[in-house]
Student: 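Let me begin by handing over the structure; questions about it come next.
Values below: every heavy atom of this structure, side chains too, minus hydrogens, waters and symmetry copies.
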Protein chains: 2
Amino acid sequence: MPGPEPGVLELVRRGHEERVLRLLGEHGALSRGRLGTLSGLSRSTLSDIVGALQARGAVVATTPDATRRGPGRPAEVLTLNPLAGQTVGLDFGHQRVHVAVANAAQEIVGTATRGYARTTSWGRRLELAVALVDSLRADLGALQGIGVGVTGAGDSRKRESELVVERLTERWGVPVLVDNNTRLAALAEVLRGAGNGCSDVVYVRLSHGIGGGVVVGGRLLRGARGTAGEIGHVPVGSVDADGLPCPCGGRGCLETYASIPAILRAAGQPDLPEALAAREAGDPAARAAFDRAGRALGIALAGVCATLSPERIIVAGEVAPAVLESAEAALHLHLSPALHHGLRLHPASLGDEVGALGALALVSHESPLLSGYPDPVRKDRA
Amino acid sequence: MPGPEPGVLELVRRGHEERVLRLLGEHGALSRGRLGTLSGLSRSTLSDIVGALQARGAVVATTPDATRRGPGRPAEVLTLNPLAGQTVGLDFGHQRVHVAVANAAQEIVGTATRGYARTTSWGRRLELAVALVDSLRADLGALQGIGVGVTGAGDSRKRESELVVERLTERWGVPVLVDNNTRLAALAEVLRGAGNGCSDVVYVRLSHGIGGGVVVGGRLLRGARGTAGEIGHVPVGSVDADGLPCPCGGRGCLETYASIPAILRAAGQPDLPEALAAREAGDPAARAAFDRAGRALGIALAGVCATLSPERIIVAGEVAPAVLESAEAALHLHLSPALHHGLRLHPASLGDEVGALGALALVSHESPLLSGYPDPVRKDRA
């Protein structure tokens with residue numbers, strides 16, 4: 001869904017806005033004069049940038065010592081606005097929707113979950129989500145935007161995305177931004193979880209499907225066609241055999257080895273709890289199935305490491321704890337020490353709400369991680 | 001070799017410099033007033049930034065219509081300096097060194113090549129390179145810096161890099177920057193060759209070894225440990241067999257299938273010309289060897305595509321023409337159409353001098369592709 005490339009002046013402008021937001025984020029509060037010095041922007045450019053940020057509620061001007069007596073005008077300072085307005089994050093999985101509501105300081109003021117069947121229509125899913133948001137009785141009087149995570153990547157989610165945007169815009173009249181929910185989970189883990197403070201992160205989530213997200217040089221990656229981070233579809237089959245067909249249309253994808261259905265098939269178990277119990281009890285088929293899934297994960301991650309040289313790898317999902325060890329062994333076996341640098345696999349640290357948290361971050365768009373990402377607020381008011 | 005992370009103010013400053021250089025690159029020549037308007041920088045910040053760029057010779061002020069008669073002072077304009085000084089690019093391969101000399105407008109004013117044995121010491125290689133540069137009799141009176149490409153990645157080239165920097169600094173007294181030569185080739189192909197104008201590029205070069213480079217979001221990628229782009233070491237073995245050991249210390253790497261030695265072994269041929277001739281003549285073993293190398297390449301690139309969603313893939317090296325077709329077929333077989341988007345494999349368009357051209361670009365450091373890269377000139381004068 002990326003639009004046409006912005007022109008150089010638009011890039012200059014975005015750069016200025018991000019710089020001002022970053023300086024305010026670092027310093028807490030700054031006078032216009034000090035902000036001008038630190039940012040190097042001219043008085044008129046700064047006034048223009050700050051005006052736009054104030055207009056959309058991201059920045060506020062306050063006078064901390066207004067009651068002070070003495071000569072001269074009390075100094076006005078600029079700060080990020082902690083009460084700028086609310087954001088809503090929705091994460092539509094295959095069988096449930098999570099919702100999270102936050103203020104502009106990214107403080108979560110409410111979360112909720114509602115299940116549905118895999119066959120539930122998108123119209124119905126959206127009704128359920130809207131009702132769920134309403135049930136939180138959060139003050140949405142200054143709602144700024146809605147971030148939405150959906151499964152699937154690129155064109156495969158185009159129709160769903162359009163419906164989501166249409167219905168939610170109709171209901172709330174604010175910008176709606178849709179992205180892949182696992183990529184949003186990666187964003188949340190880097191902002192608030194196991195990847196916090198890292199600028200080069202690979203995130204992979206093992207569940208009924210396998211998805212992922214990558215942060216490169218401090219920026220969440222979309223890629224040229226918007227499908228970056230699909231680590232579940234890295235082929236780990238063999239050069240001499242094509243590998244199993246994957247539902248995606250590819251062959252030998254990581255997902256055909258390490259998704260929950262693939263593991264259950266290999267283990268001959270009916271569901272994940274039973275498969276995990278069988279593995280614990282030493283059942284050879286169950287152990288082999290998890291070990292093989294781990295090897296497949298390690299090989300896929302070895303390729304990703306050789307390509308990206310990440311700082312941290314995060315593995316999420318119900319299956320993760322049972323495959324981390326064999327995956328790490330395979331990563332270290334297949335990759336040169338000069339390329340894996342002893343890198344460990346880190347379990348994810350956020351819970352089920354991770355996708356909704358990422359959706360909130362997407363729509364509030366106040367992180368340098370989202371540099372290069374479309375900004376719904378700015379687009380809407382342009 | 002990346003240093004400590006620069007602080008936010010240093011980042012702000014670099015951002016300003018890159019913006020000024022980019023605006024001058026786009027517009028050719030600009031008055032200070034117009035540059036101020038377009039960049040949004042204050043008079044004092046602009047003066048500071050332009051002063052630094054002038055001091056290191058990247059920007060010059062000229063008066064195009066100085067002979068004009070009439071009221072008022074003739075307008076001074078700022079331009080990128082086409083005569084800023086020379087840069088030298090060196091590319092040390094396993095058996096030869098390429099050299100290229102350029103002026104600051106990136107116009108090549110001389111190139112040369114000299115072979116050596118694989119066993120030739122680094123001290124001797126450097127002597128040969130220095131003599132080769134001297135033989136060009138180029139005017140190096142305002143030499144700005146030397147970019148050097150070497151084989152290998154990360155720590156494996158640490159000692160060689162130190163020796164290179166020491167000897168060349170001793171000889172010319174200018175900043176020397178060393179990087180992986182295949183990554184530099186990727187940079188050159190994106191600046192001047194098959195990837196020109198693209199912001200997300202995967203480049204892979206098949207030769208005695210296999211290397212690569214990736215450009216992500218318009219930036220050449222180093223990765224957290226400096227080893228990004230090692231596509232030759234993406235594992236393409238099987239989950240159920242570890243694959244052959246690779247000289248790198250990994251297993252089942254692309255290089256163990258698709259390097260020249262691997263192909264010759266599989267084809268039972270003594271050298272590449274004979275192997276290519278046998279393939280042309282329909283020899284089954286030779287055909288199978290090249291097809292298998294192509295499949296391995298396609299599988300490795302499928303994984304890279306799923307991870308990065310590139311805009312263009314470039315395949316370089318003597319082997320490339322003989323494997324492109326089977327590689328593309330494997331890429332499309334293993335990857336979902338929603339992820340490969342019909343992407344084709346492009347042959348590289350630059351010749352043997354590509355690494356030296358990339359080394360020139362590295363040291364002149366005037367491309368946004370190098371944003372985030374260490375800048376030897378700036379570092380030297382800081």
Side-chain angles (χ1 to χ4, degrees), chain A residues 8-9 12 15-16 19 22 26 36 38-43 45 153-156 200 214 216-217 219 221 223-231 233-236 238-239 242 248-252 257 292 295-296 299 302-304 306-311 333-339 341 372, chain B residues 8-9 12 15-16 19 22 26 36 38-43 45 153-156 200 214 216-217 219 221 223-231 233-236 238-239 242 248-252 257 292 295-296 299 302-304 306-311 333-339 341 372:
Chain A
V8 67
L9 289 178
V12 167
H16 293 333
R19 196 155 293 124
R22 196 191 291 210
E26 288 229 334
L38 291 176
S39 68
L41 297 176
S42 69
R43 211 183 155 89
T45 302
D155 290 346
S156 70
D200 291 271
V214 290
V216 170
R219 303 199 292 188
L221 195 65
R225 316 281 176 127
T227 55
E230 286 293 345
I231 293 164
H233 302 285
V234 169
V236 291
S238 153
V239 173
D242 293 336
C248 77
R251 272 183 175 269
Y257 294 86
R292 190 161 183 257
R295 282 202 307 280
I299 290 173
V304 175
T307 308
L308 295 180
S309 179
E311 181 178 3
L333 173 70
H334 283 272
L335 206 57
S336 159
L339 296 180
H341 311 280
Chain B
V8 67
L9 288 180
V12 167
H16 292 334
R19 196 155 293 124
R22 196 191 291 210
E26 288 229 334
L38 291 175
S39 69
L41 298 175
S42 69
R43 211 183 156 88
T45 301
D155 290 344
S156 71
D200 291 87
V214 291
V216 170
R219 304 198 292 187
L221 195 65
R225 315 281 176 129
T227 55
E230 287 291 346
I231 293 164
H233 301 286
V234 169
V236 291
S238 152
V239 172
D242 293 336
C248 77
R251 274 187 173 265
Y257 294 86
R292 190 161 183 258
R295 283 202 307 280
I299 290 173
V304 175
T307 308
L308 293 181
S309 179
E311 183 177 1
L333 173 71
H334 282 273
L335 206 57
S336 160
L339 296 180
H341 310 281

Student: Give the minimum heavy-atom separation between B:Pro235 and A:Ala302, together with the two atoms involved.
Tutor: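 Heavy atoms of B:Pro235 and A:Ala302 come nearest at CG-CB, 3.5 Å.
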Student: Do side-chain atoms of A:Ser309 reach the backbone of B:Arg225 as a donor and acceptor pair under 3.5 angstrom?
Tutor: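 Side chain of A:Ser309 to backbone of B:Arg225, a donor-acceptor pair under 3.5 Å: yes, one is there.
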Student: Do you know the tightest heavy-atom contact between B:His16 and A:Ser39?
Tutor: NE2-O, 2.7 Å
Student: For the candidates B:Ala306, B:Gly249, B:Ala296, which exhibits the highest count of non-hydrogen atom pairs separated by less than 4.5 Å from chain A?
Tutor: B:Ala306
Student: If you tally heavy-atom pairs under 4.5 Å against chain A, which of B:Gly40, B:Gly36, B:Gly303 wins?
Tutor: B:Gly40
Student: Under a 4.5 Å heavy-atom cutoff, which of A:Val234, A:Asp200, A:Leu41 has the most pairs with chain B?
Tutor: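 Maximum pair count with chain B is reached by A:Leu41.
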Student: Under the salt bridge (charged side-chain N to carboxylate O under 4.0 Å, His left out) test, which residues partner A:Arg251, sequence neighbours left out?
Tutor: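 Partners of A:Arg251 by the salt bridge (charged side-chain N to carboxylate O under 4.0 Å, His left out) criterion come out as none, since no residue qualifies.
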Student: Looking only at heavy atoms and a cut-off of under 4.5 Å, which of B:His233, B:Arg43, B:Arg292 has the most pairs with chain A?
Tutor: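 Heavy-atom pairs under 4.5 Å are most numerous for B:Arg292.
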Student: Is there a side-chain contact between A:Thr307 and B:Leu308 (heavy atoms, below 4.5 Å)?
Tutor: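 A:Thr307 reaches B:Leu308 side chain to side chain.
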Student: Measuring heavy-atom distances to chain A, does B:Val214 have an atom under 4.5 Å in its side chain, in its backbone, in both, or in neither?
Tutor: side chain
Student: Counting heavy-atom pairs under 4.5 Å with chain B, which one of A:Gly229, A:Ser336, A:Pro310 comes out on top?
Tutor: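 Most pairs with chain B among the choices: A:Ser336.
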Student: Going from SG on A:Cys248 to NE2 on B:His334, what distance comes out if it is rounded to the nearest 0.5 angstrom?
Tutor: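 Spacing of SG (A:Cys248) from NE2 (B:His334) equals 11.5 Å.
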